[in-house]
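Input: a single structure, listed below in structure tokens.
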Amino acid sequence: MPDIRPFCMPKWGIEMTEGTLAEWKLEEGSAFSRGQLLCLIETAKITNEVEAEWDGVLARVLVPAGGDAQPVGALLAVLAEPGTSAAEIDAFIAAFRPAEASAAARGGAAPAPAAQAPAPQPPVTKPLLTNRAISPEARKLAEATGLDIEPITGSGRDGRITLQDVQQALRAPAIPALHGTLTVVEEDTKVFASPLARRLAAHHGISLVGVKGSGPRGRIAKADVLALIPAPAAPAGPAPFALVPNPPVVVPFDRVRKVVAQRLTQAKQQIPHFYLRSSARLDELLALRKTANLVLGSKATINDYLVRATALALAQHPDVNVQVHGESVHRFAHADIAIAVASPKGLVTPIVRQADRQPIAAIATATRALIDKAQAGKLAFEDMDGGTFSISNLGMFGVEEFAAIINPPQAAILAVGTAARTPCELPGGGIGFETRLALTLSVDHRAIDGAAGAAFLATLKDLLETPERLFA
């Protein structure tokens, strides 16, 4: 009997219910060896690399890459030893999927998934038929707006129409056409008029026949012709601004964004947040950081010092270093700090483990490695599982102050704003400037009281303002 094994959707963590097969690293029928990368599987927040546990062949792929999410335990592929026949693979799948086997025995296909409502179709644009040289982006805009490109003079190489040419043509106000021409009335020699009156009449297309002159002996003068010229129309206002179509680009939530939206909505609705705000003077920390980085040979950032200070403050206030599970509170001896990182897959929170026991240089190394993995989309489940406290730092974007949403089951999160120069009173009198950092603590009132949160924030502020204690 050949060795045939199912490859099913794995389960990483208690909360995982489904995953998406992002990429197969092998073609169907390819042989692999133990430890070789088989595929990439996306869960709610991470992409895991799945390695082979034995030598074999990827005999049958049942779920293609990039398809719909599959529940935990779903059959994704069949692995077998070399030489296994297709009939043996079919028999194995039939035994693993009895419902599909019975459908195949009846000569029919497996039950089809429920029909889904058709997705809204984007507006149909008329294709642009032309032999003119035109850039792809210019063609798209011309097709979307229905613009006739024939009158456009291309400004690109060899007369190629560029995107700017099409945009300029859409912005150009319409020039009203001139209707009619000036009619010159044939001069009547029997009319008694001054030469200037005749020129004015000819210019404005006015016949002087029958006009009664006001000059000597009834001569038609300049004033008589001017009286016949209609008053000029009021100058037209500026041409109306030419609007172009502005359809939305519909971008549905991906799997990560859906999970983030669900978790944050649930957290904001079910967790009774309250907020404590403070600020810390950073001048001593900034000066010490320059010297410490030279001495330690590290590139620790202000955020690394924040992680260290927060961890030490949590060690002194264990009633803040907690998780909430139902109606029970879980307390921890050490601080596992989750740092919020913006990644291509959305907001992720990798964890610096036991930051209260690690020196600044080690925290800097660990943080840099986690950020690199997050931005490359290679965070593993163990990089994000757990966490007793979170830090969200938006100071590098110039954000002065904000309040973050708690990441359950944690009971608190620290929001860090920008370090700004502010005026202060000098010890000997007078006005000077100092660098202050805005801090906002979001707290779950079910587990942490206001006094406990305030005491923790006061300790954190004291550690940041006396940074030599961070090296104790």
Side-chain angles (χ1 to χ4, degrees), residues 13-18 42-46 69 250-279 303 306-307 310 313-314 317 319-332 335-352 374 379 381 383-418 438-454 456-457 460:
I14 299 176
E15 297 181 356
M16 179 180 172
T17 59
E18 61 180 13
E42 288 185 353
T43 63
K45 286 191 175 182
I46 60 175
V250 180
V251 182
F253 279 177
D254 57 20
R255 282 182 44 75
V256 174
R257 182 58 61 185
K258 284 182 181 178
V259 173
V260 170
Q262 292 170 358
R263 288 175 60 87
L264 292 183
T265 301
Q266 181 182 11
K268 194 64 175 175
Q269 290 176 341
Q270 298 182 4
I271 296 178
H273 289 61
F274 74 92
Y275 307 97
L276 300 173
R277 293 176 173 83
S278 184
S279 65
N303 200 68
L306 271 168
V307 171
T310 301
L314 289 172
H317 300 274
D319 46 356
V320 180
N321 191 41
V322 298
Q323 292 180 350
V324 180
H325 295 267
E327 296 183 354
S328 62
V329 175
H330 295 194
R331 299 195 176 189
F332 298 86
D336 294 336
I337 306 295
I339 53 175
V341 179
S343 75
K345 296 183 178 295
L347 182 67
V348 293
T349 52
I351 299 168
V352 181
L379 284 174
F381 174 74
D383 294 325
M384 303 176 62
D385 183 32
T388 62
F389 190 91
S390 292
I391 296 177
S392 180
N393 188 350
L394 295 179
M396 67 287 292
F397 298 107
V399 176
E400 295 180 357
E401 181 182 340
F402 71 103
I405 300 175
I406 296 171
N407 182 23
Q410 299 168 20
I413 183 172
L414 180 69
V416 182
T418 188
L439 305 171
T440 302
L441 183 67
S442 303
V443 186
D444 184 346
H445 215 328
R446 298 174 302 175
I448 303 174
D449 294 330
F456 161 79
L457 199 57
L460 174 61

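Every heavy atom of this structure was used, including side-chain atoms; hydrogens, water molecules and symmetry mates were not. In what follows, residues are counted from 1 in the order of the sequence shown.
To the nearest 0.5 angstrom, Leu439 atom CG is 9.5 Å from Asn393 atom CG. Here Arg277 contributes atom CZ and Thr440 contributes atom OG1; the two are 5.0 Å apart, rounded to the nearest 0.5 Å. Interatomic distance, CZ of Arg331 versus CG of Asn321, reported as 10.0 Å (0.5 Å rounding).
Arg263 places a side-chain N or O within 3.5 Å of a backbone atom of Pro408 that can act as its donor or acceptor partner. Under a 3.5 Å cut-off, the side chain of His330 and the backbone N or O of Ser328 do not form any donor-acceptor pair. At distances below 3.5 Å, at least one donor-acceptor pair connects side-chain atoms of Thr388 with backbone N or O atoms of Asp336. Of the possible donor and acceptor atoms, none in the side chain of Glu42 sits under 3.5 Å from a partner among the backbone N and O of Ala69. Although no hydrogens or angles enter the test, the distance criterion places no donor-acceptor pair under 3.5 Å between the side chain of Asp449 and the main chain of Ala451.
Applying the salt bridge (Lys or Arg N to Asp or Glu O under 4.0 Å) rule to pairs touching residues 388-399 yields nothing, sequence neighbours excluded.
The shortest non-hydrogen separation linking Gly453 to Ile448 is N-CG2, 3.9 Å. Closest approach of Gly386 to Gln410, counting heavy atoms only: O-NE2, 3.8 Å. Taking all atoms of both residues into account, the shortest heavy-atom contact from Ile406 to Ala412 is CG2-N, 4.1 Å. The minimum heavy-atom distance between Ala374 and Val341, with the atom names listed, is CB-CG1, 3.9 Å. Considering all non-hydrogen atoms of both residues, His273 and Lys268 come closest at CE1-CA, 4.2 Å.
For the side-chain contact (heavy atoms from CB on, under 4.5 Å) test, residues two or more places apart in sequence or in another chain that qualify with Ser278 are Leu457, Lys461. Qualifying ring-ring contact (aromatic ring centres under 6.0 Å, His included) partners for Phe274, counting only residues two or more places apart in sequence or in other chains: His445.
Considering Val443, Leu314, Leu460 in turn, Leu314 is the only one that fulfils the side-chain contact (heavy atoms from CB on, under 4.5 Å) rule with Val320.
Between Phe456 and Phe389, the ring center distance clears the sub-6.0 Å criterion.
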